[in-house]
**Q** 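Mind looking over this structure? Questions follow.
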There are 2 protein chains.
Amino acid sequence: MKTLTLPSISEMDLTAVCAALGDPVRMKIVQCLARSGEKNCSGFEVEHISKSTLSHHIKILRESGLIQPRFQGKEHFYSLRKEDLDRRFPGMVEMLLNEPASKE
Amino acid sequence: MKTLTLPSISEMDLTAVCAALGDPVRMKIVQCLARSGEKNCSGFEVEHISKSTLSHHIKILRESGLIQPRFQGKEHFYSLRKEDLDRRFPGMVEMLLNEPASKE
DNA sequence: TCTATTGTTTGATATTTTTCGAACTGAAAA
DNA sequence: TTTTCAGTTCGAAAAATATCAAACAATAGA
C-alpha cells in the first residue's frame, strides 16, 4: 500500500518552497505543470536527466507542497497544488505563470 | 572606489531569487528588510552567525537582485529593492510580507 | 597618526545537494 | 506466470553551499 506524505496548507513552509523552486530543473517542472496541468514524468520538459534524479526532484517538490500525485495503473500523474498554493501563498502561482519558462 | 554589481530588473532571474530565498538565514534578512526598511548588518535579526557568513549571505541576496546597499561612512545600509521587485515579480514582496517571519 | 568600527575577502573545512546506475516495487500486458 | 513498463529507493561519487577564523580595506574618531 502506498502511503505518501503531502504537507497540509498550514504545514507549507515558504523557505522550503523557495528552496524547491531554486533549482532550474524543478523550476522547469513546476512551470510546465502550471501551464499544462497534469503530467507524468515523461511529460516534464526536462532533458539529459536520469529517472532516479528526476524522481529525487519530484520528491522535493512534493514534500514542499508544490505538487501532488495521482496514481493510475503504473503511471504517476503529477499536478500543481494550485488551489492550496493560492490559499497559502497568494500570488505565487500567478508569478510563476507570468515568468517565461526558464531554460532547464 | 567601490564598484559593485547589481542586476538590472531584466537581469533578475526567478530561479536565482528563489534559491536566494531558500535559505532560512537569508529569508529572515529579507523579511526583516521588507518590514522595517533600511538596516545595516547589525540590524538583521539573525543570531549565532559569524560576520563573514553574514557577508556571504548578503552577497547572494545582492547578486540575485533582492537587496541593494547604500554606503554611508563605514556602514553599509541594505534595503529591499521593492519597486524593482514589484515590477519584475509582481506579488512577490507582498507574499513575503504576508508570511510571518520565519524562525532563523 | 593610531585605534576602533564596520564590513569584505580569502582559504579551508564541513555539510548539503545533485547526480547516476543498479536494484527494487507494483501494475499491466503478453 | 513471465515480461515489460513507470517509477522509487539505495548507495556512492561529484559538485555546490554554508560556515568559520584570519587577514584585509575603508572610514571615523581620538
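All figures in this text were calculated on a predicted structure; none of them were measured in a lab. Each chain gets a letter, A, B and so on, in the order the sequences are listed, and its residues count up from 1.
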**Q** Without decimals, in angstroms, what is the distance between B:Q72 CD and C:dT5 P?
**A**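 In whole Å, C:dT5 P lies 18 Å from B:Q72 CD.
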
**Q** Once you apply a heavy-atom cut-off of 4.0 Å, does B:Y78 come out as touching a base, just sugar-phosphate, or nothing?
**A**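 Counting heavy atoms under 4.0 Å across all strands, the contact made by B:Y78 is with sugar-phosphate only.
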
**Q** Quick check: are there more than 12 heavy atoms from other residues, nucleotides or ligands sitting under 6.0 Å from CD of B:E94?
**A**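 Check fails, neighbour count at 12 or below.
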
**Q** Taking the side chain of A:K74 as its heavy atoms from C-beta onward, which of C:dG26, D:dC10, D:dA28 lies nearest to it?
**A**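 Among C:dG26, D:dC10, D:dA28, the one nearest the side chain of A:K74 is C:dG26.
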
**Q** Between A:S64 and A:L61, is there a donor-acceptor pair closer than 3.5 Å when you use the side chain of the first and the backbone of the second?
**A**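 At least one qualifying donor-acceptor pair exists.
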
**Q** Could you summarise the pairing of DNA chain C as dot-bracket text, marking Watson-Crick and G-U pairs under 3.5 Å with ( ) or [ ] inside the strand and | across strands?
**A** ||||||||||||||||||||||||||||||

**Q** Considering just the side-chain nitrogens and oxygens of A:T53, establish if one lies under 4.0 Å of OP1 or OP2 belonging to C:dT18.
**A**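 Answer is no, no contact under 4.0 Å.
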
**Q** Hey, is the side chain of B:N40 poking within less than 4.0 Å of OP1 or OP2 on C:dT6, counting only N and O atoms?
**A**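 For C:dT6, OP1/OP2 do not have a side-chain N/O of B:N40 under 4.0 Å.
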
**Q** Evaluate whether atom CZ of B:R87 has more than 12 neighbouring non-hydrogen atoms of other residues, nucleotides or ligands under 6.0 angstrom away.
**A**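 At most 12 heavy atoms, drawn from other residues, nucleotides or ligands, come within 6.0 Å of this atom.
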
**Q** Assess whether one donor atom and one acceptor atom, taken from the side chain of B:S50 and the base of D:dA21, lie less than 3.5 Å apart.
**A**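 In this structure, the two groups form no donor-acceptor pair.
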
**Q** Looking only at side-chain atoms of B:V25, point me to the closest of C:dA28, D:dT19, C:dT10.
**A**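 Out of C:dA28, D:dT19, C:dT10, the nucleotide with an atom closest to B:V25's side chain is D:dT19.
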
**Q** Just how far, in rounded Å, is P of C:dT8 from CG of B:L54?
**A**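 The answer, rounded to whole Å, is 8 Å.
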
**Q** Expected output is a numbered-order residue list: members of residues 55-66 of chain A with a heavy atom under 4.0 Å from any atom of DNA chain D. What is it?
**A**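 A:S55, in order of number.
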
**Q** So, are B:D84 and B:R88 salt-bridged, with charged N and O less than 4.0 Å apart?
**A**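 Looking at B:D84 and B:R88, the cut-off is not met.
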
**Q** May I ask you to decide whether A:R35 forms a salt bridge with A:E45, counting only side-chain N to carboxylate O separations under 4.0 Å?
**A**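 No salt bridge links A:R35 with A:E45.
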
**Q** Using heavy-atom distances to pick each residue's nearest nucleotide on DNA chain C, tell me which of A:A19 and A:K51 is more 5'.
**A**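 By nearest-heavy-atom nucleotide position, the 5'-most residue is A:A19.
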
**Q** For B:R70 and D:dT27, give me the distance from atom CZ to atom P, rounded to whole Å.
**A**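 It is 15 Å, rounded to the nearest whole Å.
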
**Q** Just verifying a value: how many Å separate B:R70 CZ and B:H76 NE2, rounded to the nearest 0.5 Å?
**A**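 It is 11.5 Å, given to the nearest 0.5 Å.
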
**Q** Could you please name the option among C:dT18, D:dC10, C:dA4 that lies closest to any side-chain atom of A:R26?
**A**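 Side chain of A:R26 sits closest to C:dT18.
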
**Q** What is the distance, rounded to the nearest whole Å, between atom CD of A:E75 and atom P of C:dA29?
**A**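 My rounded result for the distance is 11 Å.
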
**Q** Rounded off to whole Å, could you give me the NZ-to-P distance for the A:K39 and D:dG7 pair?
**A**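 Distance check: A:K39 NZ to D:dG7 P gives 13 Å.
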
